[in-house]
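Everything numeric here is computed off the predicted structure, so don't read it as measured data. All values below come from the heavy atoms of this structure, side chains included, with hydrogens, waters and symmetry mates left out.
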Amino acid sequence: MCRSHCLSQRINSHHSGFPKHSSMLDFLRTKKLQDRQLELPLSTGAERSCPLDSHCEPTRVHMERVLLFEGVQEVEVIEACQCNASPEECLRLPSLKTYFPDTPLEFTVDVGKCSSPAHARGGLFCAPTKFDGVLIKGPNGVEVVQTLENCEMKETCYRVSYVEYYYEIIHNSAGDREERLKEIDVGRCLGSCTSGNHCLLRTP
């Protein structure tokens, strides 16, 4: 079972009460930096919460929508964790996310994820190669949730198929105007590169 780690935070006596910040956004940024600093000991010298051949992973996740200055954003909220064995093969693993929790529209989707083999060879890594979509009913109509269908061993920078759908207007043989759904594989560049380089679109 994954153990929860609690770190005590030292508070200086001359900073009693609420800290002074110019805005709530400044306060949130400062708090985020403090939280990251508190997490550093866990990644360096802390005792492992799972065996060497396992990873501590979320088992229950739901999505919350918040209204920010940039517009509506989705926030992933982890509800529970457990130790899961790490496969040696490159596999597509289940990953459940619940949308619109605690509402009549609540719906759980297996969005999927790729395994992380510890001994990848030849500079390859387990990466997503095929995506799909699931239609769910939301408060503003039908929405599409992207799901992962397949994983393969790939180089650090690669292209994957990514299909987008567009409505186009055509005229049929009788001269009548029609709307139809057009499917276009626009593709995506995925992966990581060495420091100073970026995984970018390459022209033929």
query: Is the SG-SG separation for the cysteine pair C126 and C151 below 2.5 Å?
result: no

- prompt: Between A127 and C114, what is the shortest heavy-atom contact and its length?
  reply: C-SG, 3.6 Å

query: For L105 and K137, which heavy atoms make the closest approach, and how far apart are they?
result: CB-O, 3.8 Å

message: In the structure I gave you, are the side-chain heavy atoms of V134 and E143 within less than 4.5 Å of one another anywhere?
response: no

Starting at [atom1] of [X], measure out to [atom2] of [Y] and round the result to the nearest 0.5 Å.
X    : Y    : atom1 : atom2 : answer
L148 : K113 : CG    : NZ    : 11.0 Å
F131 : R188 : CZ    : CZ    : 9.0 Å
S115 : E88  : OG    : CD    : 10.5 Å
D132 : T147 : CG    : OG1   : 4.5 Å
Q82  : S54  : CD    : OG    : 10.0 Å
E168 : E183 : CD    : CD    : 12.0 Å

message: Quick one about T129 and N150 (side-chain donor to acceptor, distance below 3.5 Å, no hydrogens or angles considered), yes or no?
response: yes

message: Looking only at the side chains, is there a donor atom on one of E79 and H62 sitting less than 3.5 Å from an acceptor on the other?
response: yes

query: Among all residues two or more places apart in sequence or in another chain, which pass the side chain to side chain contact (heavy atoms under 4.5 Å, CB included) test with E74?
result: M63, R65, Y99

List, by chain and number, the other hydrophobic cluster members for [X], where Ile, Leu, Val, Met, Phe, Trp and Tyr join if side-chain heavy atoms come within less than 4.5 Å, directly or indirectly.
X    : value
V61  : I78
L67  : V72
V144 : L135, V142
L91  : L93

query: Given E164 and Y166, is the side chain to side chain donor-acceptor pair (under 3.5 Å) satisfied, shown in steps?
result: CA-CA 7 Å; E164 290 186 353; Y166 299 90; 2.2 Å; yes

Worked verdict on F107 versus T98 for side-chain contact (heavy atoms from CB on, under 4.5 Å): CA-CA 6 Å; F107 195 83; T98 300; over 6 Å; no

- prompt: So, does N84 use its side chain to make a donor-acceptor pair with the main chain of H55 at under 3.5 Å?
  reply: no

task: Please assess C189 against C157 for the test disulfide bond (SG atoms under 2.5 Å apart), listing each intermediate value before the final yes or no.
output: CA-CA 7 Å; C189 293; C157 180; 5.9 Å; no

- request: Check side-chain hydrogen bond (donor to acceptor under 3.5 Å, both in side chains) between T59 and all other residues, then give those that pass, not counting sequence neighbours.
  value: none

query: Does the pair R92 and D110 meet the rule for a side-chain contact (heavy atoms from CB on, under 4.5 Å), with working shown?
result: CA-CA 11 Å; R92 190 264 190 201; D110 180 6; 2.9 Å; yes

- prompt: Hey, is K130 close enough to E152 for a salt bridge, meaning N to O under 4.0 Å?
  reply: no

